[in-house]
Amino acid sequence: MNKSGDVGATEAELIRARRNKLEELRSAGNDPYAHTKFERTYPIVEARLAHEKLAVGEHSGHSVALAGRLQPLRRMGKKIVFADLADQSARIQLYFRAEQMGDGFALVDLLDRGDLVGVRGEPFRTKTGELTIAVKEAVVLAKSLRPLPEKWHGLVDPAARYRHRYVDLMVNRPVLDTMLTRSRIIAALRRYLDERGYVEVETPTLLTIAGGANARPFATHSHALDIPLQLRIATELNLKRCVVGGIEKVYEIGRTFRNEGIDRTHNPEFTMLELYEAYTDVEGILQLCEGMVLTAAHAAGVGAKHEYDGKDLSFAPPFARVRYLDALASWGGLSRDDVLDESKARAAAKRLKIELEPGASHGHVVDKIFEETVQPHLVNPTFVTDQPVLLSPLAKRRRDDAQLVERFELFISNMEIANAFSELNDPDDQRERFAAQARERAAGDAEAPEPDWDYVHALEYGLPPTGGIGVGLDRLIMILTSQGSLRDVLLFPMQKPEERA
RNA sequence: GCGUCGUUAGCUCAAUGGUAGAGCAGCGGACUCUUAAUCCGUUGGUUGUGGGUUCAAGUCCCUCACGACGCACCA
């Protein structure tokens, strides 16, 4: 029987061993949970920068206070312990020496990997060249009671990583770094837009009719109003209502919900940046979009060349541009009529051996053909422009070609990242396109959106000529942080609940 | 929703149908500049769930749960 209790190695026993140490700390008058604050000199990264120039063997001559989570301890006999301390910013080595700490050294025996500690001590550089804190005083700020995953492999089981993300974050540093980069990217985009006079707004997530995109919404219910509600599938219609009202450069970065499949590139809730600007058109938005992507890349530390998914991407502006019909012609061998004529499009799909759902609409057929023939070629950032109107119910027709619209989609690494167009502002045209959707819906197409007639009402007051864009931020971040799955750029991706026994 | 693969100690992983193992972590010991510290000793298991086949199942078959990947839906 030792002072921590002679215990085995079941999970319960590992926890008991740590609880025993907690009790010892308490009986020595050092209850970890009694602390309310700890004054740090600075985050660890700043401690590192401040002592960069310390020579091997040199001591700084002054004391600093740092706090963080203990990473592996290396015990060298009864009188010396090395450990690593990690905070949000970085890690640094700690050096506990009995001679130096006096009675305080007794506490070192009660430390475990995972404990949150505050230390005061002198920075110095060891003879192996590592910047280290020679600890004079240490205090446990919270005892970690659960055993941590292995120090070398970390936590790898995906289910455990997503369900217990806090563990993933504390033992797998790159995961934390990715999440911090995500935050930096979004902050940089916000700054970029704010500097250019765009106004950030927040529009409702709960709506009576979720419109502005083709997607199945989540359904919910208001007890107070006793009415069914839907979670938004886009912010588009409300943002354009803002433009009607006079907010000329408006954007929202917000969560959008779509009740559909989940895979590497789809999560039921995702973050979209939608932006609308009065008195500009799709070309103005294209320029802005390129600027936003480059800003995001810069924030992520990505330069002109970036490897993703085994492919070399070039972020050097200007990004490539290709017209929708030209792309289908060169990669799919399709003529304009093969696309725009419904029966010819169906014949083309058949020729290309593309499988289609029985009730697939003309738009769906064309979309599918594009996906199969063109999309695999769109590796470098590429703007695909001038889509057919039949794919674009909210976009303005081209003046030189009424069957096409002023629109672009940005593809990177074969994924659609952004979708933009000159907004349709003709209320009569909009009403007719909504009516067509209503007919599709009545015919049994559950995906066809329910028309939002108040939006037409708003257009009747006059929407200025407006350019707008939606950017899937999660996907952009996934590419810029070199992650293979949306799940790896979301702190808490959707997981099925574990069944309770 | 369909298909393929996976699930073994706290973590990372082994194990021809024939006595469930290792490394890390833990515990005990040695060690005053280590960094995946090292060395000696040692504890720890309802092999995801429920059934079946078999003298015998971690291993073969079926069910269910969860996960990864692919397909479908979608961005």
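Every chain is numbered from 1 and lettered A, B, ... according to where its sequence line falls, protein lines coming before strand lines. This structure is a prediction, so every number in the text was calculated from the model and none was measured.
- For B:G58 and B:G21, the P atoms lie 13 Å apart once the distance is rounded to whole Å.
- For the pair A:Pro268 and A:Ser485, nearest-nucleotide mapping onto RNA chain B gives the more 5' position to A:Ser485.
- For the pair A:Met494 and A:Arg475, nearest-nucleotide mapping onto RNA chain B gives the more 5' position to A:Met494.
- The two residues A:Gly211 and A:Ala234 come nearest to each other via the heavy atoms O-CB, 3.8 Å.
- Between A:His164 and A:Tyr166, the ring planes are perpendicular. Angles over 60° get that label, and only those under 30° would be called parallel.
- Below the 3.5 angstrom threshold, one finds a donor paired with an acceptor across the side chain of A:Gln93 and the base of B:U34.
- For B:U43, its base never sits under 3.5 Å from the side chain of A:Thr10 at any donor and acceptor pair.
- Among the atoms of the strands shown, base atoms are found under 4.0 Å from some heavy atom of A:Asn267.
- With rounding to whole Å, A:Leu155 atom CG is found 13 Å from B:A68 atom P.
- Residue contacts for A:Phe124: at a heavy-atom cut-off of 4.0 Å it reaches a base atom on one of the strands shown.
- As a whole-Å value, the separation of A:Leu94 CG from B:U35 P is 16 Å.
- Among the heavy atoms of the strands lying under 4.0 Å from A:Asp157 are primed sugar atoms or P, OP1, OP2 only; no base atom is included.
- For A:Trp152, counting side-chain heavy atoms from C-beta on, the closest listed nucleotide (B:A36, B:U32, B:G67) is B:A36.
- For A:Glu150 and B:U12, the CD to C1' distance is 5 Å, given to the nearest whole Å.
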Do A:Phe96 and A:Phe82 pass the ring-ring contact (aromatic ring centres under 6.0 Å, His included) test, and can you show the C-alpha distance, the side-chain angles, and the key distance before you say yes or no?
CA-CA 6 Å; A:Phe96 298 94; A:Phe82 286 92; 9.3 Å; no

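- In this pair, A:Phe270 lays its aromatic ring flat on the base of B:A75, centres within 5.5 Å and planes under 30 degrees apart.
- Contact between A:Arg163 and A:Gln495 at its shortest, heavy atoms only, is NH1-CB, 3.8 Å.
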